[in-house]
Amino acid sequence: MADVREDGSSIDFELEVPLVIVGGGACGLVAGLAAMSRGIETVILERDDTPRGSTFMSSGFVPAANTRFQKAAGVQDSPEQMAEDIARKNGHESDPAIVKALAEASGKVIEWLADEHNIPFELVEGFLYPGHTSMRMHCTPRRTGEELMACLLNAAEKAELPILTEARVTTLHIDKEKRVHGISYQRPDGNIETIGCKNLLLACNGYGGNPELIGQHIPKMKSALYYGHEGNQGEAILWGKALNASLKDLAAYQGHGSLAWPHQTLISWAVMMQGGVQLNLHGQRFSNEHGGYSEQAAKVLSQPEGVAFNVFDERIHEQCLQFEDYRNAHAAGAVKVFQSIDDMAKKLQLPSADVHQVFDEIRTLQTNGTADRFGRTFPAVQELVPPYHVIKVTGALFHTQGGLEILANGRVLDERGERLPNLFAAGGAARGVSGAGDSGYLSGNGLLSAVVMGALAGQAVAESR
Ligand SMILES: Cc1cc2nc3c(=O)[nH]c(=O)nc-3n(C[C@H](O)[C@H](O)[C@H](O)COP(=O)(O)OP(=O)(O)OC[C@H]3O[C@@H](n4cnc5c(N)ncnc54)[C@H](O)[C@@H]3O)c2cc1C
């Protein structure tokens with residue numbers, strides 16, 4: 001279903017536009033808005049009947065530095081600090097030029113979307129996500145990707161940005177120089193239609209929904225639950241391979257170690273950052289929960305039965321009620337409440353002595369101000385007190401982070417490091433800034449690549465005229 005044909009210069013395309021974008025998630029929509037606002041006629045092709053993508057399923061938190069929302073809240077931040085946080089988390093494995101470009105543009109893109117396109121961004125306050133040295137997550141009031149998508153689709157409609165739905169792009173038509181002249185897309189009835197383009201932007205995310213590619217590139221997550229959009233089948237890297245494009249960091253992914261089980265609802269990592277801990281079925285902690293939620297997926301999955309208990313208290317519960325996903329999990333009965341450690345251990349069938357030992361150790365660490373064997377410290381203000389709240393969780397694969405190697409303006413490179421003539425990629429279709437594995441993902445790297453690189457790529461297409 002994903003091929004490249006060297007027949008581009010001979011096809012009489014039904015319609016030709018300066019920019020075709022494959023995929024109508026956050027990346028495609030923001031790129032389209034950026035290109036249209038610079039006078040570039042654009043068409044987005046989306047395989048689903050309603051554009052949703054992984055963006056719709058996400059929490060919709062977009063990191064950005066130096067925004068007026070931060071300034072209003074008295075938060076000190078800078079693009080340099082943000083770039084440093086991203087690079088530290090990925091062990092300096094990402095392209096520094098891309099990290100710099102994203103961090104520098106992030107604040108401007110968020111403000112542009114707020115001012116020009118009425119996206120009601122606000123700053124998420126109250127806690128820091130792991131690895132961030134400043135509060136810089138921006139989201140819409142309901143704090144859901146569903147709302148972010150609704151706002152972006154509204155903006156697209158106002159900007160008269162055409163989105164052709166039920167149009168699954170299957171084929172790129174190129175010439176000898178690898179210039180894309182147009183694409184073919186398939187309709188639900190099987191009909192194939194074509195459209196010509198001067199530039200093509202791949203915004204069709206990664207390959208999380210393609211078990212074969214996951215088995216090939218991320219074997220340890222092959223049997224993990226995939227919690228992203230099923231339609232993300234990896235066409236960008238399949239087309240890229242056929243074009244001899246450079247593919248980077250294909251083993252990189254964002255996992256999440258806190259998906260309520262069996263409810264399958266995302267439990268915010270704020271639970272851990274505010275003082276919660278994870279216990280396995282032996283009643284023992286097994287990791288530094290402040291390392292990052294992405295790498296925690298594999299750690300949870302390697303525990304007995306691939307599950308863990310998030311243990312926290314009323315204080316954290318109250319704070320988490322601000323998240324719609326958490327409220328849904330709570331309403332679905334995922335949050336169990338216990339009056340004491342013994343009560344919790346008995347009802348969850350955990351060895352009581354081991355659970356007591358965990359709490360004793362945390363108390364000692366709090367008193368001494370020292371780190372545990374995993375490297376986590378426990379500030380006294382975050383002491384867990386009864387009644388204890390517990391959610392059973394598992395680890396899941398959220399999205400892949402590797403993909404087409406790009407320049408800081410979204411242009412795709414080939415294996416020799418040369419630019420392909422008119423191919424751009426951004427969001428999950430392109431290599432992200434999360435290094436080569438699962439531990440380089442800094443919260444927000446997904447939408448950072450989608451929203452901010454989407455804007456940069458849309459702008460670059462306009463400038464390439
Ligand atoms: C549960 C969850 C929570 C998350 N929370 C956050 C968060 O808070 N912050 C953050 O930064 N990241 C988060 N992420 C990651 C984030 O959702 C993604 O990184 C981001 O949405 C990617 O955007 P995108 O536009 O590249 O892809 P998508 O939003 O997935 O859009 C891609 C679109 O392309 C379409 N498509 C695919 N193939 C084709 C084709 N051949 N032809 C036509 N259309 C095609 C798809 O149908 C889809 O609509 C989360 C992910 C999940 C799963």
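The residues of the chain are indexed from 1 along the displayed sequence. Keep in mind that the numbers below use all heavy atoms, side chains included, and drop hydrogens, waters and symmetry copies.
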Requested in this report: Check the pair T171 / D3 against side chain to side chain donor-acceptor pair (under 3.5 Å), numbers first and verdict last.
Outcome: CA-CA 5 Å; T171 307; D3 66 341; 2.7 Å; yes
Report task. Take D438 and S294 through the test side chain to side chain donor-acceptor pair (under 3.5 Å) and record every step on the way to the result. Result -> CA-CA 6 Å; D438 63 349; S294 176; 5.8 Å; no
Report task. Test M273 against Y293 for side chain to side chain contact (heavy atoms under 4.5 Å, CB included), laying out the working first. Result -> CA-CA 10 Å; M273 298 313 289; Y293 53 68; over 6 Å; no
Query raised in the report: side chain to side chain contact (heavy atoms under 4.5 Å, CB included) between F309 and V277: does it pass, once the steps are laid out?
Result: CA-CA 8 Å; F309 291 112; V277 292; over 6 Å; no
**Report entry** Test side chain to side chain contact (heavy atoms under 4.5 Å, CB included) applied to M272 and S258, step by step
**Finding:** CA-CA 10 Å; M272 295 299 135; S258 183; 5.8 Å; no
**Report entry** Trace of the side chain to side chain contact (heavy atoms under 4.5 Å, CB included) decision for T394 with L301
**Finding:** CA-CA 7 Å; T394 189; L301 287 169; 3.7 Å; yes
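Across every non-hydrogen atom of L384 and V311, the tightest pair is CD1-O, 3.8 Å. A429 and A236 get closest at one heavy-atom pair: CB-CB, 3.7 Å. The two residues K392 and V307 come nearest to each other via the heavy atoms CE-CG2, 4.0 Å. The two residues W112 and A455 have their closest heavy-atom pair at CZ3-CB, 4.2 Å.
For CD of Q349, the number of neighbouring non-hydrogen atoms (other residues, nucleotides, ligands) closer than 6.0 Å is 12 at most. Environment of CD in Q357: sparse, with no more than 12 heavy atoms of neighbouring residues, nucleotides or ligands closer than 6.0 Å. The number of heavy atoms from other shown groups lying within 6.0 Å of CD (E314) is above 12.
When the side chain to side chain donor-acceptor pair (under 3.5 Å) test is applied to H92, no partner is found at least two apart in sequence or on another chain. Judged as a side chain to side chain donor-acceptor pair (under 3.5 Å), and not counting sequence neighbours, Q382 has no contacts.
Between S106 and P79, the closest side-chain pair of non-hydrogen atoms is not below 4.5 Å. The side-chain heavy atoms of L266 and F323, taken from C-beta on, include no pair separated by under 4.5 Å. At least one side-chain heavy atom of I163 sits under 4.5 Å from a side-chain heavy atom of P51. By the 4.5 Å heavy-atom criterion applied to side chains, V412 and L243 are not counted as neighbours. Taking the side chain as every heavy atom from C-beta outward, D249 and S434 never approach each other to under 4.5 Å. Using a 4.5 Å heavy-atom cutoff, the side chains of V124 and R143 are in contact. Contact of the L423 side chain with the W239 side chain is not registered, since no non-hydrogen atoms from C-beta on lie closer than 4.5 Å. Considering only heavy atoms from C-beta on, F56 comes within 4.5 Å of E146 through its side chain.
Applying side-chain hydrogen bond (donor to acceptor under 3.5 Å, both in side chains) to S287 and the options R376, Q296, Q303 leaves one that passes, Q296. S246 pairs in a side-chain hydrogen bond (donor to acceptor under 3.5 Å, both in side chains) with only one of the listed residues (E415, E405, R416), which is E405. When R187, Q233, E46 are each tested for a side-chain contact (heavy atoms from CB on, under 4.5 Å) with R168, only one passes: Q233. Each of V75, I110, D77, L128 was checked for a side-chain contact (heavy atoms from CB on, under 4.5 Å) with R136, and the lone residue meeting it is D77.
For R373 and E361, the salt-bridge test passes: some basic side-chain N is under 4.0 Å from an acidic carboxylate O. Salt bridge status for D343 with K347: present, with a side-chain N to carboxylate O gap under 4.0 Å.
Between F374 and H290, the ring centre distance reaches or exceeds 6.0 Å. When ring centroids are compared, Y441 and H399 come within the 6.0 Å threshold. Residues F359 and Y388 bring their aromatic ring centres within 6.0 Å.
With values rounded to the nearest 0.5 angstrom, L172 atom CG is found 6.5 Å from L202 atom CG.
With 3.5 Å as the limit, one finds a donor-acceptor pair spanning the side chains of Q319 and Q274.
Using a 30° and 60° split on the angle between ring planes, Y129 and F61 fall in the perpendicular class, above 60°.
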For residues 94-101, please give each side-chain donor-acceptor pair under 3.5 Å, one per line with the distance, not counting sequence neighbours.
| unit_1 | atom_1 | unit_2 | atom_2 | d |
| --- | --- | --- | --- | --- |
| S94 | OG | N90 | ND2 | 2.7 |
| D95 | OD1 | A97 | N | 2.8 |
| K100 | NZ | E104 | OE2 | 3.4 |

